[in-house]
Amino acid sequence: MDKPLVSIVIPLFNKLDWIPETINSVVNQTYKNWECIIIDDGSTDGSFELVTSLTEKYPGNWRIVRQSNSGQSVARNRGIEISSGNYVALLDADDIWFADKLSRQVEFLNANKDVDLLFTSYVIFEESLTKPF
């Protein structure tokens, strides 16, 4: 399993201002064997339409599912249920990844078959800040 498929699951609800950067962080991954499943959880702010437009613009293995608002956990679980990857990576619609996140995690998982779950540290940022704290 040298290049296993990673299923990226993004629950989406009214994140119009943030989802472009989130999508961009997926597109810019150095690890390219992924599918990205976006579960729109009844957005009313144009997020669904924007995501549809962005995924048509950027190459990738995209799936967009629309459902009535049921909450982030239900959306995330639905994405996991329909995923087909060897690994699942969860990404919130207002978060961004470093470009090598998936490659580093897949490399680690491939080398450590007894590991079932990974999580990483994170940086908190706000629009008003010029530097993360």
Side-chain angles (χ1 to χ4, degrees):
M1 194 167 30
D2 191 44
K3 293 282 185 189
L5 179 65
V6 177
S7 296
I8 302 164
V9 176
I10 303 174
L12 172 65
F13 179 73
N14 289 348
K15 296 293 184 185
L16 185 69
D17 292 338
W18 296 100
I19 193 65
E21 289 299 321
T22 303
I23 296 292
N24 202 33
S25 77
V26 171
V27 170
N28 289 327
Q29 287 299 299
T30 57
Y31 189 84
K32 299 298 184 187
N33 193 23
W34 53 261
E35 67 175 354
C36 186
I37 303 165
I38 301 167
I39 306 293
D40 181 83
D41 194 39
S43 292
T44 58
D45 69 345
S47 292
F48 174 78
E49 293 78 11
L50 179 58
V51 163
T52 301
S53 172
L54 289 172
T55 57
E56 289 172 359
K57 179 180 174 182
Y58 295 114
N61 186 4
W62 304 99
R63 284 201 281 173
I64 305 170
V65 176
R66 196 169 204 188
Q67 67 182 29
S68 59
N69 185 258
S70 302
Q72 185 176 27
S73 296
V74 171
R76 185 177 285 119
N77 286 337
R78 184 163 182 207
I80 293 168
E81 286 172 7
I82 64 173
S83 69
S84 54
N86 305 94
Y87 300 127
V88 174
L90 304 175
L91 177 59
D92 288 341
D94 59 356
D95 290 348
I96 53 178
W97 282 343
F98 289 110
D100 64 344
K101 181 221 191 286
L102 289 181
S103 62
R104 293 179 71 178
Q105 288 188 320
V106 168
E107 180 182 342
F108 182 86
L109 288 167
N110 282 344
N112 296 278
K113 300 296 184 190
D114 58 329
V115 174
D116 295 324
L117 176 71
L118 292 178
F119 60 93
T120 63
S121 59
Y122 54 90
V123 176
I124 297 173
F125 62 92
E126 294 180 24
E127 285 183 285
S128 62
L129 299 177
T130 56
K131 293 190 241 178
F133 46 62

Do any N or O atoms from the side chain of [X] and from the backbone of [Y] form a donor-acceptor pair under 3.5 angstrom?
{"X": "Thr22", "Y": "Ala93", "value": "yes"}
{"X": "Asp100", "Y": "Thr30", "value": "no"}
{"X": "Asp40", "Y": "Ser43", "value": "yes"}
{"X": "Ser53", "Y": "Glu49", "value": "no"}
{"X": "Asn69", "Y": "Gly42", "value": "no"}
{"X": "Ser70", "Y": "Ser68", "value": "yes"}
{"X": "Glu35", "Y": "Ser84", "value": "yes"}
{"X": "Asp45", "Y": "Leu16", "value": "yes"}
{"X": "Gln29", "Y": "Phe98", "value": "yes"}

Quick check on the hydrophobic clustering: are [X] and [Y] connected, directly or via other members, by side-chain heavy-atom contacts under 4.5 Å?
{"X": "Leu109", "Y": "Val9", "value": "no"}
{"X": "Val26", "Y": "Val6", "value": "yes"}
{"X": "Val106", "Y": "Trp34", "value": "yes"}
{"X": "Phe108", "Y": "Leu91", "value": "yes"}
{"X": "Ile10", "Y": "Tyr87", "value": "yes"}

If you measure from [atom1] on [X] to [atom2] on [Y], what distance do you get to the nearest 0.5 Å?
{"X": "Thr44", "Y": "Phe13", "atom1": "OG1", "atom2": "CZ", "result": "5.5 Å"}
{"X": "Ser103", "Y": "Lys3", "atom1": "OG", "atom2": "NZ", "result": "8.0 Å"}
{"X": "Ile37", "Y": "Asn61", "atom1": "CD1", "atom2": "CG", "result": "8.5 Å"}
{"X": "Ile19", "Y": "Phe48", "atom1": "CD1", "atom2": "CZ", "result": "12.5 Å"}
{"X": "Ser47", "Y": "Asp17", "atom1": "OG", "atom2": "CG", "result": "8.5 Å"}

Side-chain heavy atoms of [X] within contact of [Y], under 4.5 Å:
{"X": "Ile96", "Y": "Asn24", "answer": "no"}
{"X": "Tyr31", "Y": "Pro4", "answer": "yes"}
{"X": "Ile23", "Y": "Leu50", "answer": "no"}
{"X": "Thr55", "Y": "Ile38", "answer": "yes"}
{"X": "Leu54", "Y": "Trp62", "answer": "no"}
{"X": "Ile39", "Y": "Ile82", "answer": "yes"}
{"X": "Leu90", "Y": "Ile80", "answer": "yes"}
{"X": "Leu102", "Y": "Ile8", "answer": "yes"}

Q: Give a yes or no on whether Arg66 atom CZ has more than 12 heavy-atom contacts from other residues, nucleotides or ligands under 6.0 Å away.
A: yes
Q) Does atom CD of Gln67 have more than 12 heavy-atom neighbours, drawn from other residues, nucleotides or ligands, at distances under 6.0 Å? A) yes
Q: Could you tell me which non-hydrogen atom of Asp95 sits nearest to which non-hydrogen atom of Ser25, and how far apart they are?
A: O-OG, 4.4 Å
Q: May I ask you to say whether Asp92 pairs ionically with Arg76, meaning some side-chain N is under 4.0 Å from a carboxylate O?
A: yes
